[in-house]
Every structure is written in C-alpha cells, then in structure tokens.
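Read the structure below first, then the notes.
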Amino acid sequence: MSGFPPEAAAPEPTHVADSRGTHSGGPLLLGVRHHGPGSARAVRAALQAARPRVVLVEGPPEADALIALAADEDMRPPVALLAHVVDQPGRSAFWPLAEFSPEWVAIRWALEHDVPARFIDLPATHTLAWGREDEAPDASATPSGPEDAAEAPGEPSPDEALRIDPLAVLAETAGYDDPERWWEDVIEHRGVQDGDTFGPFEVLGEAMGALREAYGSGGHDRDLVREAYMRLQVRAAQREFGDDVAVVCGAWHVPALRRKATVAADRALLRGLPKAKVDMTWVPWTHRRLSRISGYGAGIDSPGWYGHLFSAPDRPIERWMTKVAGLLRDEDRIISSAHVIEAVRLADTLAAMRGRPLPGLTETTDAVRAVMCEGSDVPLTLVHDRLVVGDVLGEVPASAPAVPLQRDLARLQRRLRLKPEAPERELELDLRKENDAERSRLLHRLRLLGIEWGAPAESRGSTGTFRETWRLCWEPELAVRVAEAGVWGTTVLAAATAKAEADAVAARALADVTALAERCLLAELPDALPVVMRILADRAALDADVGHLAQALPALVRSLRYGDVRGTGTHALAEVAAGLAERVFVGLPPACAALDAEAAEEMRGHVDAVHGAVGLLGEVTTAALPAGEADGAGAAGPRSGIRARWHTVLRTLATRDTIPGVIRGRAVRLLLDDGELAQDEAARLMGLVLSPGTAPGDAAAWIEGFVGGGSGGGMLLVHDERLLGLVDAWLTGVPADAFTDVLPLLRRTFSVYEPGVRRTLGELVRRGPGVRGSAAPTSAAPGFDPELDTERADAVLPVLHLLLGLDERTATVDNDLVGVS
C-alpha cells in the first residue's frame, strides 16, 4: 500500500476465531460502523465473550481523562467529545457518540468491568493544527483535519467527491441500490447465531481488506497517518497487557491495523506533524445532528430508528408501530389498535415479498403511509421528523470540564429555569415579572455574544414593550460559540459588556452604532452603554449623509421605549436622538432633490422610517427628560415641537417640483394620515399631479407614493371616491404609447392590496363616474348600509358582556353608550 517505506515488517497483529466463538493469536480487532446498533450489539457480545484486559477505542487520546465521566449517572447520550484550540475556540472538532454507537458501548462495558479504556486515534493536537486535508502539502501522509474528526474518524466527508463510501461499494456488489437497506439486512437484522460471536467481524474485515486492495486509501489519504498512530498504540498496549487487547475502530481501518509495518516506518509518517494546544470536554449532542442531512459526514439517515432498534428488548416492529400510533394520536389523528395490528401485518408481508429477513425502515414506512396516514405524505413527514430522526438531546454532568463562561451560563440556566432543549419551542416573556425580565436579559446578552440560542419572534399577543416572544432551540454547535465567547469574559454579563464595547469601536456605519445602543439597553449593559453613547455622539456629529442619519434614528428612538419597562436611564439617549432628528429635518429636503428612480425609492423608505421614529420620539421625549425639565415642557413642549417641525418638512417635500413624485406622494399621504392636511387639499394636490401636463411616469410614481407600499392606500380609495375618481380619470387618459411604461409601476402599487379591497375598487369603478362622488345613499360601498343598523349592533352586546365579564346591571349603561355613539 502506498505511504509505507519498504522496511522490515513487524509481526502482524491478528485474531483467529475458532468454531466455539473464541479468539486467539493477537489483539481482538472489532471493525464497526460508527453509530450502528447492530455493530454495538455485536461489540458488547464480543467483549463479554473475550473479556479483554484493555479496550482501545478510535478517538482522540486527549479524552482519556474524560472516559470516567461516561459512568456518571447524569451522563445521557447522545453526547460528543469537543476539542478546540485554546487561543482559537472556533477551530474545533466533535466526536459524537450515541447510545447505539459501538464506541460508547465499548467504553461503558470497560467501566462496568473495571477494565482500562483508551482512545488511540491521532491526537486532536495534530488534527486541529493541520486544518483541512486540501491545505496539506502532501496528502499521502497527512492526518484527518478537524472537519473529518467532527464527522467521525475514518468516515468519508460528503464534500470529498473522490472518496469512496465503503458501505455503498459493498451494497452495490451485493446487488443493493441502497447502502442503508444492505446494512440493515446484513448487520442490523442478524443476531449472534450458533455462538459465532466473532464471525461477523471476521467477514466484515475481509470485505474491507478486499476494498483496500482494490482502492488503496480510497481517497482517505490522511487515514494512512492515523492508522500508523493506531498501530503504535496497539503495540504499546500489547507490551503492557499482552494479547488480551480489544480494539474497536471503523471497519475501514481493520486491514491497516493488520498490515505488517515497522515501528520506524510508522514513526516516520508521524514525524513533523504540526501541533496546537487544545482543550477537550463532553458536550450534549442531538439525534438531529447525528443525521446525514445535517451535514455530518459519518451521519446516518435514521438515528431515531436505530436508537429504537438498539433499545427495544423484543418485537421491535410492534413497538415501533405503537410509537407511531401514539405520535399521531397526539396530533389528533384517529388511530386505533386495529391500525397498529394491520400496519405490523403489512410490514411483515412487504418484507417477505421483498426477500428481506425482517421488516426494515422502508417496509415500516410504507406500512405507516398506507394504513395510518391513508396514503398521505403529510403526517408521514411528522413521523420522520419526530421519530425516524428525533429530537433527543443528551446531557452532560456538571463535573465535566468547561470554560468559565459555560459554567456561568449553566448556573443562570438553572436559576432561571431555562433548560436547553433540542426541539424548537416558543417562550412568552412578560417583562413586568422579574424572572421573565432576567430571562430576556440573558437571551439578549447571548445574542450579542453570537450565541443564537434564542431568536426574537413576533408576539401573538400584545405589541407593547412589556412583552417579548422568543423561539428557542439549542444546537450542539452553540457549545463552540460559548467557548469562542469565553475570550471576552468569565461571566455572561462581563463578556457581553466587553463585546459591546469592542463592537462599538469597530462599527463602521452610524446605523450599526445605534443598533448596538438598542441591543445594550435590551441586554441591560449599563457599563457598556456610556462607551456606545460616546461613540454614537461622535459618529453622528461627523456623519453628514442624511441617508445614514435616517437609518440610525429609528433604532435610537426604539431604544427610548425600553426605559420605563426595563428601568434603564435614557436621558443621554434622548438628547442624541433629538439632535439626530433635527439634523435629518434640515438635510432631508435637499437630499431628496434630483434623484433617479432607484434612489428615490430608497429615500422614500427613509422618509417612512423617520416618520415612525418621530411619532415615537414625540411620545417618549418628555418621559425621558429629568423631572424638572419634563414638568416645564408642558403639554405643548418637546412632543409638539418635534412633530410640528417634521410636518413642516413633509409640507416642503410635498410641494417641491424638484423632488421625485414617489416622495411627494408619500409626504402628502403622511400629512393626510396625521390630520395635518385636509382631504380637499389632498385631492387638489392629486389633481395637479394627475393633470395632462404631468409626465405619465411621474404621475404613476406619485400614486405609488400616495397609495402604494402596503400603507392602507386601498382602503383610502374605497372610502374617498373623489380620490378614486381622480386616479380613474387619469388612468383612462394615459396615452397608449406611455401606458406600457407606467403599467409595471401601477401593477406593483395595486397588487399589494387585499383581494377584498381590489374587488370593492372594481365594483366602484364599474358603477361609473356619474355616480362616484355623489352624496346619494347609493354611493356607499357594496355591502354597507348608509345608516346605522342598531338592531344588528345590539345583537353583539351579550357576547361582549360575556367576554368582558360584565353583569346585567351594566347592560343599560352599555346600551346607552352604543346609542350615543
């Protein structure tokens, strides 16, 4: 085989199985498939029969000190060994182990029988320092990189097209088109028969030997170096314990461990490997991350199914169908015992027809689809997600090594009763409650550190600032993010503070700094906020781009709303926001002049954002001022001043001919909505724009600004038929040669309306211009009576009393109020 110098060979380590199922003549090589329940059962039986004095397992030797934790009662697989470079935590690798992983079974057997267990793969100090295989100068003598280690030593990486999949080759040779199905038939459904405990390992080893002869390293060139290190470790164990050594490794490596090679040759392959200082610990893992769809190279298609096969004491198909029935019943589907019985019968029948020894996942899935799902793949998708893959999340004992930040996070999770869970779930928080407020602060601080355990979601209830909704989902990779964030501090608060200060200094855009100020308030970082505010004030003073200022203002004003709920001082923030708003007011009209269509559309968005921010700023400015200043401001103080100046700016935008039509139309609409412009005046401005002297393209842009963009313009046209008449008259008068040019803009404008609004507008237009705009009762929109129907209004009062919890004595008062209204 390539990669080995032609030197004198050492004795070949082998084992020989006799007819009684015993072994002799060297180390017991147990070649397995990573995460294979059939391999796990066979390994347990082989170890029980051989009773070795030491168990060697494929894995990083730095984890030897962590093996004892596998016996802890708080350790529940799936778990993974996590290795990361000390000064580069993001450079990391995982070695996942499930309950049905042969390596985990071997470790547990060794601990239960007081037998030493050791890892013998290439140390993580080399694999993490080396990097990816395509970075290596000589791929024929390189170890597995961190990506390979993360997938599982010895398994092919999915993004390496030249690497062979040993199971796929064997399955194809046996006439199977599905490697998973071949593995189930040959391994998973085969028990230890006639006391032949070691026979399956011999057969699989011979098959892998034939593959290695045909394909060499099969594209797994780093395996040559890894296998050289393994051989050295096997020899060391033999010197210490004799031949009573059991080796549990990927079946692909068995021929290499039997290969004759000298110690000098193996050491030559390991000479000069790069090194990095690494830390290692146990972290929780999930079934979902074990699946191949997650990108995990040694993954399997159905970890939940394999876990069931391994744990079921008997009748696995019947027990599986019972699980499926329970899941579907929880989803309110009608599933009876007869469904379960018939599904089992169908699965057995399908297996017999297909020549399989027992029903596999394919047969059970087909049976579930036909019997329990009535041929539909929709409920079957749920079964695949919840059971075939599964959301099982492992647990690691508190005594496992961890960076200080991880320990502080675990302490906060326990105190706040926020247990990490694999299934995605929603969490509703009421910030008026202290525990919920602390939960919110923790989640915001973690997001600032790049630990995306929770993501804000739209609340289904109140939209006020006292309520938050989070979508939580704990992924194993977050353990790496925690290790990376550990460089910022030893506690979540200290790390988030230091990270916020560093982000403020490194921020390039003014909007980034204002967004950071908002996040500091949400996360309640009082020590970081002064630094962020100082940088914000400096950047705001130097930035003359109105677009940048307009982008920065909304986040800054939103931050002011959190003062009352979260108890944080926002006086300095209010001063900066007010100053920023004044600069926007001054610079916006000149900045809107002479813009092309794309720039005008972008500026319209800025105008909308500033308008919303000014509305909030007027509401919170007085509350943000100190007590004396707030009292002196009076009812007509900062709020009325800021909004009045903004309305002046909008009037300027609405009347200047040099400003694009989309911005002028939006300014008119905003003034109309705020009650600062009469409907007659709005109709007059629309009539001027839609007159024959205006270019069709400019008129269409004005309409887009006035009634487009999802601003409720459709209902405005429904209820003010004068405006609809102006639009209709202009549209029918557009010249044919210009209509094609304005059609895309008009289609974009009206396509965002609700179907009911579009239908009502069509009815109004069909009635014709002679009726539109008149005061006759027939001018009411279809479906609406011109007068109040008091009888229908009274009919809803009993329901309102029930919803509001009102008694009969209040009914008379309510009726009087309805009559007055």
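The model shown is predicted, which means the values in this text are computed figures rather than measured ones.
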side-chain hydrogen bond (donor to acceptor under 3.5 Å, both in side chains) partner of His444, the single match among Arg519, Glu468, Glu524 = Glu468

Distance from [X] atom [atom1] to [Y] atom [atom2], nearest 0.5 Å?
{"X": "Arg439", "Y": "Leu418", "atom1": "CZ", "atom2": "CG", "value": "4.5 Å"}
{"X": "Arg471", "Y": "Leu427", "atom1": "CZ", "atom2": "CG", "value": "11.5 Å"}
{"X": "Leu493", "Y": "Asp527", "atom1": "CG", "atom2": "CG", "value": "7.0 Å"}
{"X": "Glu676", "Y": "Thr648", "atom1": "CD", "atom2": "OG1", "value": "8.5 Å"}
{"X": "Leu588", "Y": "Thr652", "atom1": "CG", "atom2": "OG1", "value": "9.5 Å"}
{"X": "Glu602", "Y": "Asp596", "atom1": "CD", "atom2": "CG", "value": "10.0 Å"}

Audit row: Leu685, Leu677, side chain to side chain contact (heavy atoms under 4.5 Å, CB included) steps and yes/no | CA-CA 11 Å; Leu685 292 174; Leu677 191 68; 4.2 Å; yes

Taking the side chain as C-beta and beyond, is there a heavy-atom pair between [X] and [Y] under 4.5 Å?
{"X": "Leu670", "Y": "Arg666", "result": "yes"}
{"X": "Thr491", "Y": "Leu405", "result": "no"}
{"X": "Ile663", "Y": "Leu595", "result": "yes"}
{"X": "His84", "Y": "Val480", "result": "no"}

Minimum heavy-atom separation for [X] and [Y], please, with both atom names.
{"X": "Ala591", "Y": "Met603", "value": "O-CE, 4.0 Å"}
{"X": "Leu516", "Y": "Ala504", "value": "CD2-N, 3.3 Å"}
{"X": "Ala422", "Y": "Cys473", "value": "O-SG, 3.3 Å"}
{"X": "Gly454", "Y": "Arg447", "value": "O-CD, 3.4 Å"}
{"X": "Leu525", "Y": "Ala500", "value": "CD1-CB, 4.1 Å"}
{"X": "Val513", "Y": "Ala507", "value": "CG2-CB, 3.7 Å"}

Applying ring pair (Phe, Tyr, Trp, His ring centres under 6.0 Å), which residue pairs with at least one partner in residues 582-604 are found, sequence neighbours left out?
-> Phe585-Trp646

Check whether any side-chain N or O of [X] sits under 3.5 Å from a backbone N or O of [Y] as a donor-acceptor pair, and report yes or no.
{"X": "His611", "Y": "Val607", "answer": "no"}
{"X": "Arg445", "Y": "Ala523", "answer": "yes"}
{"X": "Arg604", "Y": "Gly665", "answer": "no"}
{"X": "Ser440", "Y": "Asp436", "answer": "no"}

Candidate pair Leu472 and Glu421, rule side chain to side chain contact (heavy atoms under 4.5 Å, CB included), full reasoning | CA-CA 8 Å; Leu472 302 182; Glu421 295 177 335; over 6 Å; no

After noting the C-alpha distance and the side-chain angles of Arg289 and Glu477, does the key distance pass the side chain to side chain contact (heavy atoms under 4.5 Å, CB included) rule?
-> CA-CA 9 Å; Arg289 288 298 298 159; Glu477 289 81 358; 2.4 Å; yes

Heavy atoms of other groups near Asp657 CG, more than 12 under 6.0 Å = no

Verify side chain to side chain contact (heavy atoms under 4.5 Å, CB included) between Leu446 and Leu409, making sure each step is shown before the conclusion.
-> CA-CA 9 Å; Leu446 292 178; Leu409 175 58; 3.9 Å; yes

Counterpart residues, side-chain hydrogen bond (donor to acceptor under 3.5 Å, both in side chains), relative to Glu475 (two or more places apart) = none

Check ion pair Arg481-Glu452 (N to O, under 4.0 angstrom) = no

